[in-house]
There are 2 protein chains.
Amino acid sequence: MARQPIPTLSRRERQIMDIVYARGEASAAVVHEQLPDPPSYSAVRALLAILVDKGHLKYRAEQGRYIYSPTRRRSQVGRSALRRVLDTFFEGSLEKAVAALLQGSDANLSPEELARLGQLIEQARHEGR
Amino acid sequence: MARQPIPTLSRRERQIMDIVYARGEASAAVVHEQLPDPPSYSAVRALLAILVDKGHLKYRAEQGRYIYSPTRRRSQVGRSALRRVLDTFFEGSLEKAVAALLQGSDANLSPEELARLGQLIEQARHEGR
DNA sequence: ACCGGCATGCTAATAAATTAGCACGCATGG
DNA sequence: CCATGCGTGCTAATTTATTAGCATGCCGGT
């Protein structure tokens with residue numbers, strides 16, 4: 001059975017989803033080795049089955065094993081996750097979030113990325129008007 | 001007792017931390033009414049006590065009740081949460097994240113915010129050089 | 001001074017998450 | 001053809017999270 005209405009993931013479930021999203025797709029073995037403080041292989045597969053059941057993951061058989069991937073598009077889930085962080089920590093303001101990131105002690109952004117980012121903003125300004 | 005090494009929060013704990021971070025501080029009653037699918041008041045207070053015990057929240061007595069607030073600075077935790085989202089969904093690229101946000105269907109940013117953001121980027125470019 | 005309301009701390013029950021182990025099936029190579 | 005390795009599904013046990021209820025203490029009003 002599958003339900004989706006409540007995006008209520010447990011701790012382990014979230015960890016696994018993060019891994020799968022970060023990699024795009026992953027086998028049970030990969031998830032297992034990426035998991036922090038990893039439980040048994042068996043436990044990982046049980047979690048994967050739950051996530052499939054809940055409708056968050058799908059899988060395809062490839063070379064005798066299952067390769068899992070998210071059912072919802074990464075960009076969409078990412079946007080919503082980003083919004084949540086913005087709302088929770090930066091009063092919904094992208095500007096404040098970027099400012100915080102830029103103030104990070106260690107080096108963050110390459111000049112190239114900054115340039116592209118600036119271009120992006122300019123473009124949005126013109127379009128928005 | 002307090003431990004901190006593993007920032008492993010349960011579902012409810014995370015929900016509560018989000019509420020407290022979003023508001024800066026909150027009483028048990030406020031947390032209770034903000035919680036989605038709220039349990040009893042009693043349950044909420046138990047969770048708050050656990051979070052204090054784990055070292056994520058502190059409280060001060062005010063007007064006979066406890067006002068809870070995070071022990072770690074919001075900006076710092078926010079930055080780390082932001083990084084996590086970037087790494088998980090946008091290959092660590094702030095640029096890609098902003099792009100995704102700008103593409104959001106509904107209205108997102110005011111022209112003013114875009115302007116300030118652009119300024120911020122420019123400033124970073126000059127400083128970084 | 002007494003009562004009612006509200007907030008706390010504690011304790012114990014219930015529900016959910018997390019884990020491990022086992023049995024079966026398919027492919028590979030001796 | 002049979003044994004071995006690897007992957008799966010299932011089931012059941014344990015640990016953790018979540019919840020509710022109760023006893024106590026403080027404050028303000030009658």
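Here dC10(C) presents its C1' atom at 14 Å from CG of Asp53(B), a figure rounded to the nearest Å. Rounded to an integer number of Å, the gap from Leu51(B) CG to dG9(C) P is 14 Å. Going from atom CD of Glu62(A) over to atom C1' of dG7(D) covers 14 Å, rounded to whole Å. Straight-line distance from the CD atom of Glu33(A) to the C1' atom of dG7(D): 16 Å, rounded to whole Å. Taking atom CD1 on Ile50(A) and atom C1' on dA12(D), their separation rounds to 14 Å, with Å as the unit. Put simply, CG on Asp37(A) is 12 Å from C1' on dT19(C), counting in whole angstrom units. In this structure, the CD1 atom of Ile16(A) is 13 Å from the P atom of dA17(C), given to the nearest Å. Computed from coordinates, the Arg12(B) CZ to dA16(C) C1' distance equals 12 Å when rounded to whole Å.
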Are there any protein N/O atoms within less than 3.5 Å of an N/O atom in nucleotides 12-14 of chain C, and if so, which ones and at what distance?
none

Can you tabulate the close N/O pairs, meaning under 3.5 Å, that link protein atoms to atoms of nucleotides 1-5 of chain C?
none

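Contacts with DNA chain C (heavy atom under 4.0 Å) in residues 63-70 of chain B: Gly64(B), Arg65(B), Tyr66(B), listed by number. Within residues 40-48 of chain B, the residues that place at least one heavy atom under 4.0 Å from DNA chain D are, in residue-number order, Ser40(B), Ser42(B), Ala43(B), Ala46(B), Leu47(B).
Using a distance-only test at 3.5 Å, with no hydrogens or angles considered, a donor-acceptor pair links the side chain of His32(B) to the main chain of Pro39(B). The backbone N or O of Arg72(B) sits nowhere less than 3.5 Å from a side-chain atom of His56(B) that would complete a donor-acceptor pair. No donor-acceptor pair under 3.5 Å is formed between the side chain of Thr88(A) and the backbone N or O of Asp18(B). No donor-acceptor distance shorter than 3.5 angstrom exists from the side chain of Glu113(B) to the backbone of Ser93(A), with no hydrogens or angles considered.
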>> Would Tyr59(B) and Val52(B) count as a side-chain contact (heavy atoms from CB on, under 4.5 Å) here? Give the steps.
In response: CA-CA 8 Å; Tyr59(B) 61 86; Val52(B) 169; 3.9 Å; yes

> Checking side-chain contact (heavy atoms from CB on, under 4.5 Å) for the pair Val85(B)/Arg84(A): CA distance, chi angles, key distance, verdict?
Replying inline: CA-CA 10 Å; Val85(B) 168; Arg84(A) 203 181 61 77; over 6 Å; no

> What do the steps show when you test Val98(A) against Ile121(B) for side-chain contact (heavy atoms from CB on, under 4.5 Å), and what is the final call?
Replying inline: CA-CA 9 Å; Val98(A) 171; Ile121(B) 304 293; 4.3 Å; yes

>> side-chain contact (heavy atoms from CB on, under 4.5 Å) for Val31(B) and Arg23(B)? Distances and angles first, verdict last.
In response: CA-CA 10 Å; Val31(B) 170; Arg23(B) 307 181 59 102; over 6 Å; no

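When distances are taken from the side chain of Tyr59(B) to each of dT18(D), dG9(C), dT8(C), the shortest belongs to dG9(C). Here the side chain of Pro39(A) is nearest to one of dA17(D), dT19(D), dT19(C), namely dT19(C).
Between Glu13(B) and Arg11(A) there is no salt bridge, since no side-chain N of the basic residue sits under 4.0 Å from a carboxylate O of the acidic one.
Applying the side-chain contact (heavy atoms from CB on, under 4.5 Å) test to Ala49(A) and every residue at least two apart in sequence or in another chain returns nothing. In this structure, the side-chain contact (heavy atoms from CB on, under 4.5 Å) partners of Gln76(A), at least two apart in sequence or on a different chain, are Arg73(A).
Of all non-hydrogen atoms in Arg74(B) and Tyr21(B), the two that sit nearest each other are NH1-O, 3.1 Å. Taking each heavy atom of Ala28(A) and Tyr41(A) in turn, the nearest pair found is CB-OH, 3.8 Å.
Using a 3.5 Å distance cut-off with no hydrogens or angles, the side chains of Gln119(B) and Arg116(B) do not pair a donor with an acceptor.
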